Amino acid sequence: MKRYNPKEIETKWQDKWEADKIYQAVDDLKKPKKYVLEYFPYPSGAAMHVGHVRNYTIGDAMARFARMRGYNVLHPMGWDAFGLPAENYAIKNKVSPRSAINKNTDRFKRQLKQMGFSYDWSREIDSTDPGYYRWTQWFFLLLFKLNLAYQKESLQWWCPFDKTVLANEQVENGLCWRCGNKVEKKSLKQWFFKITDYADRLLDDLDDLDWSDAIKSMQRNWIGRSVGAEIKFRIDGPDECITVFTTRPDTLFGATFLVISPEHPLALQITSTGQREEVEKYIKAAASKSDIERQETNREKTGVFSGAYAINPVNYKKVPIWIADYVLYGYGTGAIMAVPAHDKRDYDFAEKFDLPIVDVIAPELSGTGINRHRDDVETLERRVVAAILCNDKGEYLLLVEPDNTHFLGGDVELSDADDVAALKRQVTEESGYTDFASIKPVSSTIVMEGYRIPKGKNQRTEGVFYEVVLASDKRVASEVEEGKHEIKWVPKSEVAKQLTFEHHSLAWEQYVTGNRCYEGEGVLVNSGTYDGLSAAEARDKIIADLETKGFAKERVNYKIRDWLISRQRYWGAPIPIIHCSKDGAVAVPEDQLPVLLPEITDYEPSGDGRSPLAKIAEFINTDCPKCGGPAKRETDTMDGFACSSWYFLRFADPHNNSKPFDKDKADLWLPVDDYIGGAEHAVMHLLYARFWTKVMFDQGLIDFKEPFSALRNQGMILAPDGQKMSKSRGNTIEPDGLIEQGYGADSVRIMELFIGPWNQAVNWSVEGMAGAYRFLQRFWNLTQEFLEAKEEQNAKHNPEVSRELNRITHRTIKKVGDDLNALSYNTAIASQMEMINDLYKQKTLDLFADREAWEFSINSLLQLLAPFAPHISEELWHQMGNTTSIHLSQWPAVDEQYLKLDQMSIAIQINGKLRGEIKVNAAASEETVVEAAKAEEKVAALLTGHEIKKTIYVSQHLVNFVI
RNA sequence: GCGCGGGUGGUGGAAUUGGUAGACACUCAGGACUUAAAAUUCUGUGCCCAAAAGGCGUGCGGGUUCGAUUCCCGCCCCGCGCACCA
């Protein structure tokens, strides 16, 4: 018997497939197209490990399945070889980036080829090839012409280790996304792409994409659209205004102070003489603080009073202006109206600096005996106070009525001087206690409104809860003695459980947490004529009213900033711009592209904020394309993400020398149907590529607005120890070693997919690898036994076995097809394993006597296996006598007639508990099944002496007797 | 804090619209083959109980239902992302 030897067959078939060009995509589309793409890799110095390989294995299974299902498939591969990682590797290893890339690319390509992935290598692209980056530069010029590329001097993230600036997206928690070092801010003149112009479309078009919710929400978050208004506050004194941005204009009456950021241009101007020294000190301190320090979370609020006041445009009240670094200059207007009652950050600030807190939004809650507001009856206004009353033992006093338990309290009468007077009166009336140590408000204002049945009127109740601490337990006679209600002291931990009113519970929570800031929706209070409006209504109305006076306008803000794309590094596509002292920044004429990256010897960045190209006189000195006078080339190169923002388009037409791609070819293949890769590019590549695609659409270069219809984020493979695999940890597992050990690429591929759901992270399992190999080996051996049995012609023919073989086969064809459509690769493989186990059992029954049935089963299973293990399935397919490639064969069809069972297995339950199981003819009627169930030995015993109250029959599944 | 995922045997993980929980694999144990080992092959493997009978079991507590991993309410825990964005 021939032994399964992956090494032998795998290279043999890889060579054959390449020679026969069976994976080449043809532009002619008589068949439906399918574009399957995995992120094109950085050919870094570290080889690919099994985690990377999973990504390509998923894509390859998709591509192969689609091919066998009759799709014309484009499955290309290329190299994202520009950029920092490649250059850093080159510098570290003292080689030129070019030769380092060539070496790494060769290695990656060898790794991919040995895995047997079905790439169309005739479309291979390399972003560092002048034939490619010529068009990257072409796109830069397109953006430049459209005013979507511009230069600006500003503070930018600077990585002192990589010696270059970085885009906002490329800084994670204050660390460089590549090298992990702390970044700084540096003021430099830089190139930007105006992605902010597309913010709305980038946000809105997300809805229709078949992407994971996680990535979509990350992008939404990053774009950070917020709708609100700008409101002008006149400064009391000088003829100046401060404009603030807010999403909550409905809380304007609660704006008890303004805060501007330390960088705000008015900060020093408005500061009063008395406060000047302090303010200057604060601004200086804020400037010296790194942005990382300033952005540390939950940092204690700091700030300083400017001495100036502004006028609230709705109620003309004077509010103090503070300067604090929790307001960021880069967002909105760099100034806010602080509403401590309804914004936690302002609340914390107000608490710390003892600024007034005014409730203007009250949560609207229901109470007992209150129905929906009626328009036909009068509305009574009522103010109430309630007492969270405690003694020195830490107990709280509750009032107990037949149906309800709550805090003491009641109406504020006209005769009461204020809330506190009313509170004392109520507490004494209801409980008899008279001796109070302290009384202070502890809740936000709460409103209840609606039709009050007992009164026959609407009632609007507004109230606040106060903490009342008893000084002694002195009491006088009260309503308790009159028998109106009872009172009881309960420990703090019990209070929440006993309260029966929603508003009392809310107040208690605010009291316990010490946070009476209410950030939710509600109705307006303390807001003049706007009182009673819902917050949503008030938002529109207040803005509309102020707008007519010129004090406000609607406004949308975004968190996303323009994409900084210039890099002070050598290894990138040169920015095709010439700087002329007369004409400024001038585009390199199209016919002079590409601007070639010169070969140099000293490519190490200097760190002075200029690219190594700045030292190359032959490169920089040129003539201005406009005036012909002496001019200098731009020396910065483009961010590597520029190259990857359009590569998926180039695959449609990779060898075009006259344009980036032919429109018809792009429209024919794109958008990408399945884009497979990790989640790490959520707000970088995946956002940039969408932006470029939209620009191209607007320019009529393509007919689609989104590059990737479906995005599949594969789960990470962790090392067996649960750690992330990395070269530095020394825990990487590479496919090369596994193949070398004799497992072969097919086993590795099976393992990659069988180990768990493709989109979930898992630890690599060394033992599992052997199991994957065992499965393929069992298939191999079974096929060998079948082929050898041919000669024996053992006539142990058994029609039952033949029927069973067909049943098993069709059941598996159905299951694997369904699973592949659902991307459930692990269960698809499991059902193939199951089929192999079944075939082993059937083999013992007829010793392969029914040649035809066996041949069908084996051939079908080989086809089902082909997308996962292309080599062994091809080899055995040929051993079975087929002469053309299995990968060009038609996916087997399910014959429904074999899915029907002769017998069905029925579970028998009594009161929902499983008590037995019977097998009955599949055609049996409900009556027959139920009778058979009753007769089952165990069940019959349990049923005797009981009346069956109800019988539930679920067809094909179970009978449940309720007794 | 906010957003998005998840919690099922010793392990990775399966379970159509609520309908026999634990498919498949790993691990482990035992049998066959072998001088022996490896490989292979067969059997067993959720927990409690010596076994049977029975009971308990899908993070925790409730609820709906004849029946809940699945639906509802309230919690706990883990992972990822964002984070003073007004």
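All values reported here derive from a predicted model rather than from experimental measurement. Atoms considered below: every heavy atom in the structure, side chains included; atoms not considered: hydrogens, waters and symmetry mates.
Comparing B:C66, B:A86, B:G54 by their closest approach to the side chain of A:Phe245 singles out B:A86. Residue A:Leu914 has its side chain nearest to B:U20 when only B:U20, B:A25, B:G19 are considered. Set against B:A86, B:C42, B:G19, the side chain of A:Leu328 has B:A86 as its closest nucleotide. Listed candidates were B:G13, B:A25, B:U41. Nearest to the side chain of A:Asn826 is B:G13. The listed nucleotides are B:U20, B:A25, B:A86; the one nearest the side chain of A:Thr246 is B:A86. Picking from B:G19, B:G12, B:A14 the nucleotide with the shortest atom distance to the side chain of A:His957 gives B:G19. Here the nucleotide nearest the side chain of A:Ala830, chosen from B:U41, B:U20, B:C24, is B:C24. Side chain of A:Pro757, nearest nucleotide from B:A14, B:C56, B:C84: B:A14.
The base of B:C66 sits within donor-acceptor range of the side chain of A:Asn960, with an N or O pair under 3.5 Å. At a cut-off of 3.5 angstrom, counting only N and O atoms as typed in the model, there is no donor on one side facing an acceptor on the other between the side-chain of A:Lys949 and the base of B:C66. A:Ser905 contributes a side-chain N or O that forms a donor-acceptor pair with the base of B:U20 under 3.5 Å.
Nucleotide B:U11 holds its P atom 21 Å from the CH2 atom of A:Trp764, rounded to whole Å. Distance, A:Tyr840 OH to B:U40 P: 10 Å, rounded to whole Å.
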Chi angles and distances behind the ring pair (Phe, Tyr, Trp, His ring centres under 6.0 Å) call for A:Phe775, A:Phe754: CA-CA 11 Å; A:Phe775 160 56; A:Phe754 182 65; 8.1 Å; no

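Formation of a donor-acceptor pair under 3.5 Å by the A:Thr812 side chain with backbone atoms of A:Gln832 is not found in this model.
Base-pair partner of B:C66: B:G19 (Watson-Crick or G-U wobble, both distances under 3.5 Å).
On the C1' atoms, B:U58 is 15 Å away from B:U20, given to the nearest whole Å. Taking atom P in both B:G63 and B:U70, one finds a spacing of 15 Å when rounded to whole Å. Between B:A51 and B:C60, the two P atoms lie 26 Å apart (nearest whole Å).
Centroid-to-centroid, the aromatic rings of A:Phe349 and A:Phe257 come within less than 6.0 Å.
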